Protein chains: 2
Amino acid sequence: MKIDPDNKADLSAQIAEAIRKEIMAGRLIIDERLPSEAELADHFAVSRPTVREALKRLAAQSLIRTARGAFGGAFVNRLSYPEAYGQHITTSTLLLSMNAISFDVACEARYALERACTPLAAARRTPDTLATMRAEIHRQGQPGLTDESFCASDVTFHRALVDSAANPVLSYQLAGAVEAMQPLMNMITFTARSREAIVGFHTRIADALERHEADAAQAALSELEAYTLTLGRDVMAARAKAAT
Amino acid sequence: MKIDPDNKADLSAQIAEAIRKEIMAGRLIIDERLPSEAELADHFAVSRPTVREALKRLAAQSLIRTARGAFGGAFVNRLSYPEAYGQHITTSTLLLSMNAISFDVACEARYALERACTPLAAARRTPDTLATMRAEIHRQGQPGLTDESFCASDVTFHRALVDSAANPVLSYQLAGAVEAMQPLMNMITFTARSREAIVGFHTRIADALERHEADAAQAALSELEAYTLTLGRDVMAARAKAAT
DNA sequence: TGCGTTTAAATTGTCAGACATTTAAATGTA
DNA sequence: TACATTTAAATGTCTGACAATTTAAACGCA
């Protein structure tokens, strides 16, 4: 394993970075056991708490997992899809909420990415993903639904659309774009009329996918984008007026 | 702040998760100072090292930053684009390298996402992004270039293509897809003939963007995808044969 | 008064040593 | 052999201490 250079940042950050590079470069392979905390402390010439802080940093990124007991220790972790989803969604959500990203920019990115899925989704959609989409459409038509529940259902619908492409890498990449929009969408008040309009677009998308018509799905998606954009702009305009 | 329920996982993980939720929910706002480690230890009824491990977990995700000295402490961090890029690329690269993702699936996802950018890129490309693309094309034509350098240049070219869309959220999302492919591409040996072919596709893409022709760019991109796929399949076939 | 210097306080970073807890292998026993 | 017990190794946690760093306040001097 590498050694730390002179001095700069925290020791625990340096050690974590050194181990992370080993993993990324493939020199530490999957399920391989790292030296014990005591051995690492000895190797890097630091105390055990410092090593532990470094290992916790790696654990937070799902790079390692730890097990107690004899023959326990820290092991290079196989990054699972659920873990990767979680990381990506956390990062994306924070990036959008903390950097004053305009609704327009986020919306444009999300729908551009979703349109990338529609050709594949139209070709590969399954009865299963279609059923999910239909179920969410039905839920979105229920009168008593709160705005927040409506948004959550919207996310589920769009994730089913993405999953229809049957490409797990694509689903992973899109999860961030779709989920991160939810806080922004939650600022919108959905009137009965706007809900009806959205349900209409969703139905058109589901129908098009069912008939394997990629172009029709893409067209409906684009119209939904334009409509969502107007909803978002209304909210932003109202907010700007209220702030004066 | 929330309290931990009965018992289950590590205390440091529980505490980190509690604080993370506060941040994600916006109850801890940007640049806000968290209580000192001693106060947190008191609040959660744990020792200071345990609190520190929790804070290091959050720091590893760029959720907080720490400063020493009086009036120092842990502060909610504004997640910057470079930090988000780094997180996303790390996660994406590991996900692909550790889960036996087929070259085909990764390739399909990447090019589907890139095609989502071309309409915007064709409309908004700047002299700057075009110049970057031209420079990389020129580099890719140099005879002495190693395969690894060729790959790195390829990544730079495609990132310039993505950046041409002038949507930072899109650039962020695509960074993972483009960069994570590099280790897979590095397995390919680029002959003089395949390099020439790729440079040809790149030139067609740059030309199309320069003339604001989205369809032509998309067509060239699709052909490049098909060509990349054959290169990847040749490598995989050779590997499979060598393994017998 | 005004300004530079010194001091003090608060906070994170690091260390040392200890004990608790968990796990699986080794051992002992019926 | 089968099962219970012991043991060893490792992580999880705690206590207490000191070092390093940074800012604010106190101080001294012209």
Side-chain angles (χ1 to χ4, degrees), chain A residues 1-20 23 28 31-78, chain B residues 1 3-20 22-23 28 31-78:
Chain A
M1 194 102 46
K2 303 288 181 56
I3 319 160
D4 319 316
D6 321 304
N7 281 336
K8 248 180 297 184
D10 303 11
L11 289 174
S12 69
Q14 292 181 43
I15 293 168
E17 184 58 20
I19 298 176
R20 184 184 143 275
I23 296 174
L28 284 172
D31 289 335
E32 184 173 340
R33 185 179 173 282
L34 273 68
S36 72
E37 296 175 352
E39 288 169 323
L40 286 172
D42 194 51
H43 175 77
F44 288 111
V46 300
S47 68
R48 210 182 129 215
T50 301
V51 166
R52 280 183 63 77
E53 286 178 11
L55 294 179
K56 293 314 165 199
R57 297 176 109 109
L58 298 173
Q61 296 174 288
S62 299
L63 287 171
I64 62 170
R65 62 176 187 279
T66 54
R68 285 164 73 149
F71 291 72
F75 297 84
V76 178
N77 186 47
R78 153 167 279 134
Chain B
M1 194 101 47
I3 319 161
D4 319 317
D6 322 302
N7 279 338
K8 248 179 297 183
D10 302 11
L11 290 174
S12 69
Q14 291 181 44
I15 293 169
E17 184 58 20
I19 298 175
R20 184 184 142 274
E22 294 291 307
I23 295 175
L28 283 172
D31 291 335
E32 183 173 340
R33 184 179 174 281
L34 274 68
S36 72
E37 295 176 353
E39 288 169 323
L40 286 172
D42 195 51
H43 174 77
F44 288 111
V46 298
S47 68
R48 210 182 130 216
T50 301
V51 166
R52 280 182 63 77
E53 287 178 10
L55 294 179
K56 293 314 165 200
R57 288 175 187 264
L58 298 173
Q61 297 174 287
S62 300
L63 286 171
I64 62 169
R65 63 176 186 281
T66 54
R68 285 163 72 149
F71 291 72
F75 298 84
V76 178
N77 186 47
R78 154 167 278 133

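A quick note: this is a predicted structure, and the numbers were derived from the prediction, not measured. Each chain gets a letter, A, B and so on, in the order its sequence line appears, and its residues count up from 1.
- Here B:K56 reaches the OP1 or OP2 of C:dG13: one of its side-chain N or O atoms lies under 4.0 Å away.
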Evaluate the criterion side chain to side chain contact (heavy atoms under 4.5 Å, CB included) for residue pair A:N77 and A:L58; output intermediate values, then yes/no.
CA-CA 10 Å; A:N77 186 47; A:L58 298 173; over 6 Å; no
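- Atom CZ of B:R52 sits about 12.0 Å away from atom CG of B:L40, to the nearest 0.5 Å.
- When rounded to the nearest whole Å, the span between CD of B:Q14 and P of D:dG12 equals 13 Å.
- Straight-line distance from the CG atom of A:L40 to the P atom of D:dA9: 17 Å, rounded to whole Å.
- Salt bridge annotation for B:E17-B:R20: present, with a cationic side-chain nitrogen under 4.0 angstrom from a carboxylate oxygen.
- When rounded to the nearest whole Å, the span between CD of B:E37 and P of D:dA17 equals 18 Å.
- Residue contacts for B:A38: at a heavy-atom cut-off of 4.0 Å it reaches no nucleic acid atom on any strand shown.
- Note on B:T66: a side-chain N or O is less than 4.0 Å away from OP1 or OP2 of C:dG13.
- Out of C:dT11, C:dA25, C:dG13, the shortest distance to the side chain of A:F71 is found at C:dA25.
- Take the nearest nucleotide of DNA chain C for B:R33 and for B:P49: the residue whose nucleotide is more 5' is B:R33.
- Between the CG atom of B:D10 and the P atom of C:dT22 there is a distance of 11 Å, rounded to whole Å.
- The CD-P distance, from A:E53 to C:dT12, rounds to 12 Å in whole Å.
- Per the geometry, CZ belonging to B:R52 stands 11 Å off C1' belonging to C:dC15, to the nearest Å.
- Not a single donor-acceptor contact under 3.5 angstrom links the side-chain atoms of A:R68 to the base of C:dT23.
- In this structure, A:R33 contributes its side chain and A:A74 its backbone to no donor-acceptor pair below 3.5 Å.
- Nearest nucleotide to the B:A70 side chain, out of C:dA9, C:dA25, C:dT14: C:dA9.
- Residue B:T50 places no side-chain N or O under 4.0 Å from the OP1 or OP2 atom of D:dG12.
- Rounded to an integer number of Å, the gap from A:D42 CG to C:dG17 P is 13 Å.
- Side-chain contact between A:T66 and A:L55 is absent, with no heavy-atom pair separated by less than 4.5 Å.
- Computed from coordinates, the B:F44 CZ to D:dC14 P distance equals 13 Å when rounded to whole Å.
- If you find the closest nucleotide of DNA chain D to B:G69 and to A:R48, the one lying nearer the 5' end belongs to A:R48.
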